[in-house]
2 protein chains.
Amino acid sequence: MKKLLREHFEKIIALTDSEFDYIYDHFVFKKIIKHQFLIQQGDRVHNEYFVVKGCLKSYMIDSDDKAHILQFALPDWWVSDYQALNNGSPSTLYLDSVDGAEILSITMENKDKLCAEMHKVEHFFRKKTNWGYVALQQRILSLLNSNAKDRYEQLLKQYPALFKTVPKQLLASYLGVTRETLSRLYTPAK
Amino acid sequence: MKKLLREHFEKIIALTDSEFDYIYDHFVFKKIIKHQFLIQQGDRVHNEYFVVKGCLKSYMIDSDDKAHILQFALPDWWVSDYQALNNGSPSTLYLDSVDGAEILSITMENKDKLCAEMHKVEHFFRKKTNWGYVALQQRILSLLNSNAKDRYEQLLKQYPALFKTVPKQLLASYLGVTRETLSRLYTPAK
DNA sequence: AAAATAATTTGATATAGATCACATATATTT
DNA sequence: AAATATATGTGATCTATATCAAATTATTTT
């Protein structure tokens, strides 16, 4: 998993062995089991997580106790409650795994430290966040202009890996439909 | 408007006069009139825009000729088609002003150059994008968990400035409802 | 200030998707 | 392998929002 993280950085910046080792020392490896929370609503958030294995999900629970999934995080992705992380406010989200996972965790202090010490690490994260920003814009547009069926098909096309791991009711929650409606989408005959 | 940009940077990083002048030299000032496009679907995109005055809107037109507004950009905000900008692909968006505007435009080459030359400028943009990312996450959650009325009220609360400038049909398009439905929301009596 | 254009409101009706209530699979745990 | 828990599917009905069609009301332009 050291290799996975290194390759991840090296998609954007070049690193010597010692540079990467230095970066890597700021991370902590962790295995989490099913139903183990990395973040719960109300928590103070200090860490960002890089997924090595498995699949995490971040979600909110609304006033009707319905869950809404903000993000799935597969290997090679970053996840946290960025709002809580950025301004030190209590988390509004839950973060746990779909089915157990392995992660590399870094504190925001360490991330900022690495960014300050190594210009190219700051560059890496600027580019990363920028791509993340574009991905969120795409998701907003698909919520605005597509119906449930089209959104499901777009998701299936873009992230086929999700369909191996993730129960359909969670996909429904990510897409913004009920599980009943999702179930009816792929039995279109009538 | 030089002042506005400087204050904008100095919310996150400190700059000497000469540093700021150097940065500022990479921008081009532009006035745009109503109905003048900064980006049209199919264009190659080379610039990012900082709004000085007025209000810009970025939007897509779907296959039924309906517009969906991705973003409003008020003074002190950045806007472009970031997907097209990042990977050199043709734009899928339109970008124009609600009612005339003044902007500072910077090419992506110049932005990258400034980021490479000045670590703190890279830091500035990392932080900026990070906040933008959080704002988009909030918007996704509000699309997933709120009905049209609540989304309208959240918007009204968060960006009261929009209601002075922007016709309600454009707000409807941003919120993901029709103008007819929006019109009925604030006449709730029945 | 008339004329033209753009924005908003209102009514009647249609529809995608939600909700509620079970039935049926499919996994997990004992 | 039972027993329990979890996930999925189906029917009947309800509801928020869309759609289509006009009528008003504002805002520009001549």
Side-chain angles (χ1 to χ4, degrees), chain A residues 33-36 54-55 57 59 61-69 72 94 96-101 141-156 162-190, chain B residues 32-36 54-55 57 59 61-69 72 94 96-101 142-156 162-190:
Chain A
I33 59 169
K34 201 174 177 174
H35 296 135
Q36 182 181 348
C55 177
K57 60 185 205 286
Y59 54 100
I61 307 279
D62 72 15
S63 48
D64 299 328
D65 292 317
K66 269 180 245 156
H68 302 278
I69 294 185
F72 290 114
Y94 295 85
D96 64 10
S97 68
V98 172
D99 206 0
L141 286 176
S142 96
L143 285 167
L144 292 180
N145 88 95
S146 299
N147 62 23
K149 191 179 186 187
D150 291 346
R151 294 205 300 280
Y152 181 73
E153 280 161 14
Q154 286 166 36
L155 185 67
L156 196 139
L162 287 177
F163 295 80
K164 291 166 193 155
T165 345
V166 180
K168 295 214 176 63
Q169 59 177 311
L170 295 182
L171 298 180
S173 164
Y174 177 90
L175 291 169
V177 287
T178 59
R179 66 193 166 76
E180 293 94 331
T181 295
L182 184 64
S183 168
R184 289 174 174 119
L185 291 180
Y186 45 89
T187 321
K190 182 172 279 189
Chain B
I32 59 166
I33 59 169
K34 202 174 177 174
H35 297 135
Q36 181 181 348
C55 178
K57 61 186 204 285
Y59 54 101
I61 307 279
D62 71 15
S63 48
D64 299 328
D65 291 318
K66 269 179 246 156
H68 303 278
I69 294 185
F72 290 113
Y94 294 86
D96 64 10
S97 68
V98 171
D99 206 359
S142 96
L143 285 167
L144 293 180
N145 88 94
S146 299
N147 61 24
K149 191 178 185 188
D150 291 347
R151 294 204 301 281
Y152 181 72
E153 279 161 14
Q154 285 165 36
L155 185 67
L156 195 139
L162 287 176
F163 295 80
K164 290 167 194 154
T165 343
V166 180
K168 295 214 176 61
Q169 61 177 311
L170 295 182
L171 297 180
S173 164
Y174 177 90
L175 291 169
V177 287
T178 60
R179 68 197 159 78
E180 292 94 333
T181 294
L182 184 64
S183 168
R184 288 173 174 120
L185 292 180
Y186 46 91
T187 321
K190 183 170 276 189

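Chain A is the first sequence line, chain B the second, and so forth, proteins listed ahead of strands; every chain is numbered from 1. Being a predicted model, the structure only gives us computed values, none of them experimental.
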Between the protein and nucleotides 12-16 of chain D, which nitrogen or oxygen pairs are less than 3.5 angstrom apart?
from: D:dA12; atom 1: N6; to: A:Arg184; atom 2: NH2; distance (Å): 3.4

N/O contacts under 3.5 Å, protein versus nucleotides 24-30 of chain C?
none

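Contact record, B:Leu143 with B:Arg151: CD2-NE, 3.6 Å, taken as the closest heavy-atom pair. Listed here is the closest heavy atom pair of A:Ala101 and A:Cys55: CB-N, 4.2 Å. The heavy-atom pair separating A:Ile61 from A:Ala67 by the smallest distance is CD1-CB, 3.9 Å. Counting all heavy atoms, side chain and backbone alike, B:Gly176 lies closest to A:Leu144 at CA-CD2, 3.6 Å.
Of the residues in residues 163-174 of chain A, none lies under 4.0 Å from DNA chain C by heavy-atom distance.
Here the P atom of nucleotide C:dT19 and the CG atom of A:Asp64 are 8 Å apart, to the nearest Å. Counting to the nearest Å, the C1' atom of D:dA18 and the CG atom of A:Leu144 are 15 Å from each other. Rounded to a whole Å, the CG atom of A:Leu182 is 15 Å from the P atom of C:dT19. Between the CD1 atom of B:Ile33 and the P atom of D:dT28 there is a distance of 15 Å, given to the nearest Å. The nearest whole Å value for the distance from the CG atom in A:Asp65 to the P atom in C:dT19 is 13 Å.
Taking every side-chain heavy atom of B:Arg179 into account, C:dT9 is the closest of C:dT9, C:dA18, D:dT19. Among the nucleotides D:dG9, C:dT9, D:dT17, the one closest to any side-chain atom of B:Val177 is D:dT17.
Toward the 5' end of DNA chain D, the nearer of the two residues A:Thr181 and B:Arg151, judged by each one's closest nucleotide, is A:Thr181. For the pair B:Glu180 and B:His35, both in contact range of DNA chain C, the more 5′-proximal nearest nucleotide belongs to B:His35.
With A:Tyr174 as the partner, the ring-ring contact (aromatic ring centres under 6.0 Å, His included) test is satisfied by one option alone out of A:Phe72, A:Tyr152, A:Phe163: A:Phe72. In summary, of the residues considered (A:Lys34, A:Lys57, A:Gln36), a side-chain hydrogen bond (donor to acceptor under 3.5 Å, both in side chains) with A:Asp96 occurs for A:Lys57 alone.
Here the side chains of A:Ser142 and A:Asp150 are not in contact, with every heavy-atom distance at 4.5 Å or above. Residues A:Asp62 and B:Ser146 form no side-chain contact, since every pair of their non-hydrogen atoms from C-beta on lies 4.5 Å or further apart.
B:Leu175 contributes atom CG, which lies 8.5 Å from atom CG of B:Leu185 (distance to the nearest 0.5 angstrom). Put simply, CZ on B:Arg179 and CZ on B:Arg184 are 10.0 Å apart, with the number rounded to the nearest 0.5 Å.
At least one donor-acceptor pair closer than 3.5 Å links the side chain of B:Ser173 to the backbone N or O of B:Ile69. In this structure a side-chain-to-backbone donor-acceptor pair under 3.5 Å is missing from B:Asp64 to B:Lys66.
Taking the C1' atoms of five terminal pairs at each end of the helix from C:dA1-D:dT30 to C:dT30-D:dA1, the two resulting helix axes are inclined by 60°, rounded to 10°.
Partners of A:Tyr59 by ring-ring contact (aromatic ring centres under 6.0 Å, His included), not counting sequence neighbours, listed by chain and number: A:Tyr94. With sequence neighbours left out, the salt bridge (charged side-chain N to carboxylate O under 4.0 Å, His left out) criterion links A:Lys168 to no other residue.
Contact check, B:Thr178 against D:dA18: a side-chain N or O comes under 4.0 Å of OP1 or OP2. An OP1 or OP2 oxygen of C:dT8 is reached within less than 4.0 angstrom by no side-chain nitrogen or oxygen of B:Ser183.
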